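Read through the structure below, which is laid out as structure tokens, and then see the notes.
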Amino acid sequence: MRIYDTMARAKVALDLPQDRVIRVFVCGPTVQDNFHIGHARTYIFFDAFVKYLRSSGHRVFYLQNITDIDDKIIDRANSEGVRFDVISRRFTNEFHDIMSLLRVDSVNFFAHATDHIAEILAQISILIRKGMAYETEDGVYFDVEKFPDYGKLWGQNPDTLLPSADTSGSKRNPRDFAVWKKLKPGEPYWDSPWGRGRPGWHIEDTAITDRYFGPVYDIHGGGMDLIFPHHDAEIAIERSISGKDRLADYWIHTGMINVNDEKMSKSLKNFVTIREVLKSYRAEDLRFALLNANFSSSLNYSESLLQEARRNVSQISILYNKALLKLGDRAEYRKDYDIIASLDSIIQDNMDFRGLFRDVIRLVNTWNASLDNLGADDLNQIYSLLKWVDSFAGILRRGSSDITVSGTVNLLLNIRKELRAIKQYQLADSIRSRLLEMGVYIEDNGSDTAWWINSPDGADIS
RNA sequence: GGAUAGGUGGCAGAGCGGUCAUGCGUGGGACUGCAGAUCCCAUCUAAUAGGGUUCAACUCCCUACCUAUCCUCCA
């Protein structure tokens, strides 16, 4: 498998051992506000990525941090007149709710910064002892000059940088970054050898990854906007402590979501929240839309992007359900079809979900054209392929395998079939519309009727 | 200013030195009690600009221009 690695600035072979657990860390959110499509893009991508690795036989431990102490959280708490943890808890819960709606469920463990203060303090002590960090009247700062590789991930020549805009605090160098911020009145704090205060951002992640993964792990991911300074700062901290030549073997970064060619962000007020989208579209639509692009390219968000995704998701899901209904109890999930191997090779090249989807749609069209002539083996191939894609991409609408529901629906459909046979259409249509109201979507094909839970269009939040 | 990624038809977006993918959209048709779904046909004759290499360039090279991201917090 090959993937674009930020450190190498090229596609590289992703050589992951099969004989041990792969350690993947992806930067989680700062829980300070509602979550938008940009967050969705990154977390959906890594969800699909990790699920794909697992489906191809790797054991993966997927770790994500939650930044639950930070200036913006404190600001918001102050403006609402509540403790900081009221805010962080509220948005942590919201984050988990949203991820669950998006079918992002591959993370093994969420590590909260405030649960790792001891590890953070230990790291700061080492940095000071090694002369890599210094204490001032308002904090402890990492001395960027002492770490020659600072900025290497980002690939910048330090001489060409724009002057740093961050002149806050009493730093020696504007690019030095805080690992400990000393208490200002009214702020939450923890005790430390350098007085009361709270951790800086970058060291939260190194304290967490060091604890669970050690000084070097396999894959570090996150949004493009975190490359500098955040990830370079993590590298500087951890390598200063460990003495190793690297922090992670592979660096994978997702591109930004744009709106009218500008980055979606809080400050530009051009963001669309995930919750808002899920009022008109399903999670599967959003997953398809966001995965349907090179993961490292920026992606322009628009309504038509979602509409197109919904249309494709609908086509794929409908065929899947038809195949499943035709197969009945002959359905058998097998991964040894050639077609799966051939589509697998597309993903193997830089996690090309877009290429995968393109070919899936092509196949769906071909199969649709000959659906009535397909035998059980063909149908099983369709069923298996789409189920396999869904196992990591998460793009199929849910049907129903509930036997009790099945029995009831089939009973109603049989009655309806007889009504249609004697042209009692009014009653037949009434059954159809009542079923639809209950979330059972039905579709007549000649004398047969296909049905499934969830209509092709619709939303996950009402 | 620097680094990175790009500039392809109405939109999204591949590949390839020489037969202009594919999807969405749009138009027409078939099927259907209706709805939905599906199929068939058609549609667009595209490449930021200017040079160069070549028998031949959207595809290679050069130049210019343009866009996005980062260089403060940010997924």
Side-chain angles (χ1 to χ4, degrees), chain A residues 4 6 9 26-30 32-33 35-46 64 67 70-72 75 151 153-168 174-175 177 201 221-230 232 253-258 260-268 271 289 292-294 296-300 302 304-305 307-312 314-315 318-319 321-322 352 354-355 357-362 364-372 420-421 423-426 428-429 432-433 436 441-446 449-450 455-457:
Chain A
Y4 188 88
T6 309
R9 247 165 289 281
V26 173
C27 282
T30 300
Q32 43 128 351
D33 204 343
F35 303 97
H36 58 67
I37 312 294
H39 299 104
R41 206 251 175 122
T42 295
Y43 300 125
I44 287 171
F45 172 76
F46 283 106
Q64 197 168 96
T67 299
D70 155 273
D71 291 2
K72 286 182 178 169
D75 289 347
L153 178 67
W154 192 39
Q156 279 286 19
N157 177 345
D159 301 335
T160 61
L161 296 182
L162 246 35
S164 176
D166 179 14
T167 52
S168 61
R175 294 203 186 272
F177 54 85
W201 179 33
M224 285 276 187
D225 52 353
L226 299 186
I227 294 173
F228 190 90
H230 187 230
D232 258 312
H253 289 100
T254 49
M256 296 293 100
I257 295 293
N258 289 174
N260 294 128
D261 292 321
E262 278 187 319
K263 179 182 168 184
M264 182 176 287
S265 72
K266 290 270 153 55
S267 49
L268 287 168
F271 62 93
N292 197 209
N294 184 322
S296 55
S297 307
S298 55
L299 177 61
N300 220 345
S302 68
S304 60
L305 190 74
Q307 283 170 354
E308 189 179 327
R310 168 145 79 189
R311 167 95 184 117
N312 287 145
S314 180
Q315 285 178 307
I318 286 170
L319 178 66
N321 279 298
K322 283 181 181 171
D352 185 8
R354 183 174 196 34
F357 291 168
R358 176 194 62 215
D359 280 22
V360 167
I361 298 277
R362 232 180 257 184
V364 166
N365 288 340
T366 309
W367 284 326
N368 268 328
S370 55
L371 191 59
D372 292 336
R420 291 176 67 214
K423 300 195 191 307
Q424 291 288 323
Y425 294 124
Q426 211 172 358
D429 289 353
R432 179 171 61 196
S433 58
L436 187 59
Y441 175 78
I442 72 176
E443 190 182 299
D444 299 323
N445 301 289
T449 299
S455 64
D457 295 337

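So you know, we letter chains A, B, ... as the sequences are listed, proteins then strands, and number each from 1. Please read all numbers here as calculations on a predicted model, not as lab measurements.
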* Asked: Base, sugar-phosphate alone, or nothing: which one does A:I361 contact when heavy atoms must sit under 4.0 Å apart?
  -> sugar-phosphate
* Asked: In whole Å, what separates the P atom of B:U53 from that of B:C62?
  -> 15 Å
* A:R41 has a side chain; which of B:A75, B:C71, B:C39 sits nearest to it? -> B:A75
* Can you check whether any acceptor in the base of B:G13 is under 3.5 Å from a donor in the side chain of A:N292, or vice versa? => no
* Salt-bridged, A:D75 to A:K72, with N to O below 4.0 Å? -> no
* Asked: Has the side chain of A:R358 got a donor or acceptor that lies under 3.5 Å from a partner of the other kind on the base of B:G13?
  -> no
* **Nearest-angstrom distance, C1' atom, B:G25 to B:C11** => 7 Å
* Asked: On a whole-Å scale, what distance lies between the P atoms belonging to B:G51 and B:A12?
  -> 28 Å
* **Same-atom distance (P) from B:U72 to B:U54, integer angstrom** => 48 Å
* Structure fact -> With the side chain defined as heavy atoms from C-beta on, A:R354 is closest, among B:C39, B:U72, B:A12, to B:A12
* Asked: Just checking A:Y43: base, sugar-phosphate only, or nothing, at a heavy-atom cut-off of under 4.0 Å?
  -> sugar-phosphate
* A:N365 side chain: which of B:C70, B:U72, B:G23 is closest? -> B:G23
* Counting any heavy atom closer than 4.0 Å, what does A:D429 reach on the DNA or RNA strands: base, sugar-phosphate only, or nothing? -> base
* **Minimum-distance nucleotide to A:E308 side chain [options: B:G23, B:G33, B:U4]** => B:G23
* To do: Using Watson-Crick or G-U wobble pairs with both distances under 3.5 Å, give me RNA chain B in dot-bracket, 5' to 3', with [ ] for crossers and | for pairs to another strand.
  => (((((((..(((.....[...)))((((((.......))))))....(((((..]....))))))))))))....
* Relative to each other, are the rings of A:H36 and A:H39 parallel, tilted or perpendicular (30° and 60° limits)? -> tilted
* To do: Would you mind reading off the distance between A:N312 atom CG and B:G25 atom P, rounded to a whole angstrom?
  => 9 Å
* Asked: Under a 4.5 Å cut-off applied to non-hydrogen side-chain atoms, are A:R432 and A:T449 in contact?
  -> no
* Asked: Given atom CG of A:L299 and atom P of B:C11, what is their separation to the nearest angstrom?
  -> 16 Å
* Hey, does A:M256 reach any base, or is it just sugar-phosphate, or nothing, if we go heavy atoms under 4.0 Å? -> base
* **Atom-to-atom span, CD of A:E262 to P of B:C70 - whole angstrom** => 10 Å
* Please measure how far the P atom in B:G2 lies from the corresponding atom in B:U8, and state the result in whole Å. => 24 Å
* Asked: Taking C-beta and beyond as the side chain, do A:R354 and A:R358 meet within less than 4.5 Å on heavy atoms?
  -> no
* To do: Report the nucleotide, chosen from B:A75, B:G33, B:C70, that has the shortest atom-to-atom distance to any side-chain atom of A:K263.
  => B:C70
* Asked: With a 4.0 Å cut-off on heavy atoms, is A:G38 in touch with a base, just the backbone sugar-phosphate, or nothing at all?
  -> base
* Using the six-membered ring wherever Trp is involved, compare the ring planes of A:F228 and A:W154 and label them parallel, tilted or perpendicular (cut-offs 30° and 60°). => parallel
* Asked: Would you say the side chain of A:R432 and the base of B:C34 hold a donor-acceptor pair, judged only by whether the two atoms sit under 3.5 Å apart?
  -> yes
* Which one, B:A5, B:C73, B:G23, comes nearest to the side chain of A:Y4? -> B:A5
* Report the residue (A:S304 or A:Y425) whose heavy-atom-nearest nucleotide on RNA chain B is the more 5′ of the two. => A:S304
* Asked: Between A:D359 (CG) and B:G23 (P), how many Å, whole number?
  -> 11 Å
* When only distance counts, do a donor and an acceptor, one from the side chain of A:T42 and one from the base of B:A75, lie under 3.5 Å apart? -> yes
* **Nearest-0.5 Å distance, OG1 of residue A:T254 to CD1 of residue A:I44** => 11.0 Å
* To do: Can you tell me, in whole Å, how much space there is between the P of B:C58 and that of B:G18?
  => 11 Å
* Expressed in angstrom and rounded to an integer, what is the separation of A:L371 atom CG from B:U38 atom P? -> 11 Å
* Options B:U38, B:C73, B:C70, nucleotide nearest the side-chain atoms of A:K72 -> B:C73
* So, do A:P229 and A:F177 sit near enough that their side-chain heavy atoms are less than 4.5 Å apart? -> no
* Distance check: side-chain N/O of A:Q307 vs OP1/OP2 of B:A12, anything under 4.0 Å? -> no
* Asked: If you check every side-chain atom of A:K322, which of B:C34, B:U38, B:A75 has the closest atom?
  -> B:U38
* Asked: To the nearest 0.5 Å, how far apart are CD1 in A:I318 and NZ in A:K322?
  -> 6.5 Å
* To do: Check whether any side-chain heavy atom of A:Y43 sits under 4.5 Å from a side-chain heavy atom of A:Q64, and report yes or no.
  => yes
* Considering only B:A75, B:A68, B:A35, which nucleotide approaches the side chain of A:T30 most closely? -> B:A75
* Structure fact -> Separation of B:A14 atom P from A:R362 atom CZ, nearest Å, is 13 Å
* Determine the interatomic distance between P on B:A30 and the same-named atom on B:U22; round to the nearest Å. => 25 Å
* Asked: Which part of the nucleic acid, if any, lies within contact of A:G151, taking any heavy atom under 4.0 Å across all strands shown: a base, the sugar-phosphate backbone alone, or nothing?
  -> nothing
* Asked: Quick one: on RNA chain B, does A:H36 or A:S297 contact a more 5' nucleotide (nearest heavy atom)?
  -> A:S297
* Structure fact -> When every non-hydrogen atom of A:L268 is compared with those of A:K263, the smallest separation belongs to CD1-O, 3.4 Å
* Asked: Is A:N368 near enough to B:C39 that one of its side-chain N or O atoms lies under 4.0 angstrom from OP1 or OP2?
  -> yes
* To do: Taking only the side-chain nitrogens and oxygens of A:R9, find out if one of them lies under 4.0 Å from OP1 or OP2 of B:A5.
  => no
* To do: Round to the nearest Å and state the distance from A:I257 atom CD1 to B:A12 atom C1'.
  => 14 Å
* Asked: Could you state the CD-P distance from A:Q426 to B:A35, rounded to the nearest angstrom?
  -> 16 Å
* **Point-to-point distance, once rounded to the nearest 0.5 Å, from SG of A:C27 to NE2 of A:H253** => 7.5 Å
* Test for a donor-acceptor pair under 3.5 Å between the base of B:C34 and the side chain of A:D444, counting only N and O atoms. => yes
* Could you please name the option among B:C71, B:C34, B:A75 that lies closest to any side-chain atom of A:R420? => B:C34
* **B:A57 and B:A47, which share atom name C1', separated by this distance in whole Å** => 11 Å
